[in-house]
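Protein chains get the first letters and strands the later ones, always in sequence-line order, with residue 1 at the start of each. The structure displayed is predicted, hence computed values, not measured ones.
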Protein chains: 2
Amino acid sequence: MNNLETSLEIKKCPRKYVLAVNDTLNVISGKWKLPIIASLLSGITRFKDLLDNIEKITPRMLSKELKELEVNGVIKRKVFDTTPIRIEYTLTASGQNIVSVLDAMVNWGLDHRGKTFVANDVKAQFKAQR
Amino acid sequence: MNNLETSLEIKKCPRKYVLAVNDTLNVISGKWKLPIIASLLSGITRFKDLLDNIEKITPRMLSKELKELEVNGVIKRKVFDTTPIRIEYTLTASGQNIVSVLDAMVNWGLDHRGKTFVANDVKAQFKAQR
DNA sequence: AATAGCAGTATACAAAAGTATAGTAACAAA
DNA sequence: TTTGTTACTATACTTTTGTATACTGCTATT
C-alpha cells in the first residue's frame, strides 16, 4: 500500500483524516516554528544567527522549538568538533518538503483574503465616505 | 495584480511569506477547528448535531469556535425563522477550498511519516530483538 | 403544570504556551 | 586576567487556551 492509496483511504474516514492533518498541524503550529523554518530555508544555520534573525525570540524558546523540530524529524542538528564548537541546524528532506504545505497555505490565504476582506474593505470605505 | 503574481512576490520575501502563512494557520489552529470543519464538510449543520458528533467538545467551546470561524469568513450562520428556530452552519466557498490546504497537510504528513518513523520503527524492532 | 429539546451563555478554574531575566560552560583574544 | 563569543539552561512569572459545571430563554409536547 503506497501513500497515494493511503491518503485516499484516509480521505474517506473523517476521524482518520482529522488525525492525519493534526499530525502535520502540530509540526508547524505555535508562535515560532514558522519563522524558524523560514530562516533555515533562507540558509541560516546557527543558533546565534537564528536568534539575531528572528525578532524577539528568546534563547529559551529557540532552544525548545529546535528540539521539538528535531524530534519531529523536520531538522537535524550537526555538531562540528572545531574550536570553538560549531553547531549547524538544517532542514531534513521532509523539512524541505513542508514548503508544499506552506505554499498551499499562502495560496489559500491570498484567495480567501481576496474573496472575504476586499469586500469588507470596500464596504468599510463606502461607509466611511458617507 | 492577481493572486499568482502576489504569491510569487510573497515567496521572495520571507517576512511577508511568514505573515501570509500565519494568517491561514490561525484559521485552522486550536484543538477544535479541524473537527468542526470536518463535520461541516460531512454535511452536519446544526449546533446540537455538531455537539453530538464532535467527541468531548463543550457547548462553550463549540460556540466560541463557530463565532471565530464566522468572523474569519470560513463559515456562515443562517437563522431559519421557523418554530422551533433552526440555525444552520455551513462552509463558505473559501471554507470549502480550505480542503486544498488540508490535503496538502495529509500528503506531507504521510510522506513524512513514511520517511521518518518507519525507519525509527525498524530500528526499535531491531533493538528489541537482540 | 411539568418536562424536554434547541441554541446557546456565565462563572470559575486548570493546563499549556510563551516571556523576562539571569546565569552557565567552554574556549579565545586583548 | 578580564572581556567576549557561542550555545545554550534555570527559575519564576504572565498570557492564552481549554475545561467543568451550571444555567437561561424560547417553544412544543404530554
Side-chain angles (χ1 to χ4, degrees), chain A residues 18-19 21-40 43-72 74-91, chain B residues 18-19 21-40 43-72 74-91:
Chain A
V18 167
L19 289 175
V21 175
N22 243 322
D23 277 356
T24 302
L25 200 48
N26 288 335
V27 169
I28 54 177
S29 63
K31 188 171 179 184
W32 299 112
K33 303 241 175 72
L34 236 40
I36 291 171
I37 290 170
S39 296
L40 293 173
I44 294 166
T45 58
R46 302 182 67 180
F47 195 90
K48 180 56 166 43
D49 294 336
L50 291 166
L51 260 189
D52 291 346
N53 191 247
I54 302 167
E55 265 181 40
K56 308 223 173 178
I57 197 170
T58 61
R60 182 187 192 276
M61 276 296 124
L62 181 55
S63 172
K64 218 181 130 252
E65 301 290 55
L66 286 172
K67 266 174 204 160
E68 256 192 83
L69 288 168
E70 198 193 350
V71 166
N72 287 332
V74 176
I75 66 176
K76 49 180 177 290
R77 180 180 187 269
K78 272 185 274 185
V79 181
F80 292 84
D81 201 1
T82 54
T83 52
I85 205 169
R86 181 190 180 87
I87 291 168
E88 277 190 12
Y89 296 94
T90 51
L91 291 162
Chain B
V18 168
L19 288 176
V21 175
N22 243 322
D23 277 356
T24 302
L25 200 49
N26 288 335
V27 169
I28 53 177
S29 63
K31 188 171 179 182
W32 299 113
K33 302 245 174 70
L34 235 40
I36 291 171
I37 291 170
S39 298
L40 294 172
I44 295 167
T45 58
R46 301 182 66 180
F47 195 90
K48 180 59 166 43
D49 294 336
L50 290 166
L51 260 190
D52 291 346
N53 191 249
I54 301 167
E55 265 182 38
K56 310 225 170 174
I57 197 170
T58 60
R60 182 187 192 276
M61 273 297 124
L62 181 55
S63 172
K64 216 180 131 254
E65 301 289 55
L66 287 171
K67 265 174 203 159
E68 254 193 84
L69 288 168
E70 198 193 349
V71 166
N72 287 334
V74 176
I75 65 176
K76 47 179 176 291
R77 180 180 187 269
K78 272 185 273 185
V79 182
F80 292 84
D81 201 0
T82 55
T83 53
I85 204 169
R86 181 190 180 87
I87 290 169
E88 277 190 11
Y89 295 94
T90 51
L91 291 162

* Taking the side chain as every heavy atom from C-beta outward, state whether B:Leu40 and B:Leu50 have any atom pair closer than 4.5 Å. => yes
* Any side-chain heavy-atom pair of A:Ile36 and A:Ile54 under 4.5 Å -> yes
* To do: Enumerate, in order of first residue number, the stems that involve DNA chain D, defined as 3 or more consecutive Watson-Crick or G-U wobble pairs with both distances under 3.5 Å.
  => C:1-30 with D:1-30
* Side chain to side chain, A:Leu62 and A:Trp32, heavy atoms closer than 4.5 Å -> no
* Would you indicate what A:Phe80 reaches in the nucleic acid, counting non-hydrogen atoms under 4.0 angstrom: base, sugar-phosphate, or nothing? => nothing
* Answer yes or no: is there a side-chain heavy-atom contact under 4.5 Å between A:Ile87 and A:Arg77? => yes
* Asked: Heavy atoms, side chains only, cut-off 4.5 Å: are A:Leu66 and A:Lys64 in contact?
  -> no
Distances under 3.5 Å between nitrogen or oxygen atoms of protein and nucleotides 13-19 of chain C:
{"from": "C:dG18", "atom 1": "OP1", "to": "A:Lys31", "atom 2": "N", "distance (Å)": "2.8"}
{"from": "C:dT19", "atom 1": "OP1", "to": "A:Lys31", "atom 2": "NZ", "distance (Å)": "2.5"}
{"from": "C:dT19", "atom 1": "OP2", "to": "A:Trp32", "atom 2": "NE1", "distance (Å)": "3.0"}
{"from": "C:dT19", "atom 1": "O4", "to": "A:Arg60", "atom 2": "NE", "distance (Å)": "3.2"}
{"from": "C:dT19", "atom 1": "O4", "to": "A:Arg60", "atom 2": "NH1", "distance (Å)": "3.1"}

* To do: Could you tell me whether the side chain of B:Val27 reaches within less than 4.5 Å of the side chain of B:Lys33, counting heavy atoms only?
  => no
* To do: Take B:Lys48 and B:Ser63, find for each the nucleotide of DNA chain C with the closest heavy atom, and name the residue whose nucleotide sits nearer the 5' end.
  => B:Lys48
* To do: Examine distances only and state if a side-chain atom of B:Ser63 and a backbone atom of B:Pro59 form a donor-acceptor pair shorter than 3.5 Å.
  => no
* Give a yes/no answer on whether the side chain of B:Lys67 brings an N or O atom under 4.0 Å of OP1 or OP2 in C:dA7. => no
* Structure fact -> chain B reaches DNA chain D, atoms under 4.0 Å from its heavy atoms, from D:dG18 to D:dA28
* Asked: Does A:Leu25 offer a backbone N or O that forms a donor-acceptor pair with the side chain of A:Ser29 under 3.5 Å?
  -> yes
* Taking the side chain as every heavy atom from C-beta outward, state whether A:Ile75 and A:Thr90 have any pair of such atoms under 4.5 Å apart. => no
* To do: Measure from the side-chain N and O atoms of B:Asn53 to the backbone N and O of B:Asp49, and report whether any donor-acceptor pair falls under 3.5 Å.
  => no
* Structure fact -> Separation of C:dA25 atom P from A:Arg86 atom CZ, nearest Å, is 25 Å
* To do: May I have the distance from A:Ile85 (atom CD1) to C:dA25 (atom C1'), rounded to whole angstrom?
  => 11 Å
* Pairwise side-chain contact, B:Arg46 with B:Arg86, heavy-atom cut-off 4.5 Å (strictly under) -> yes
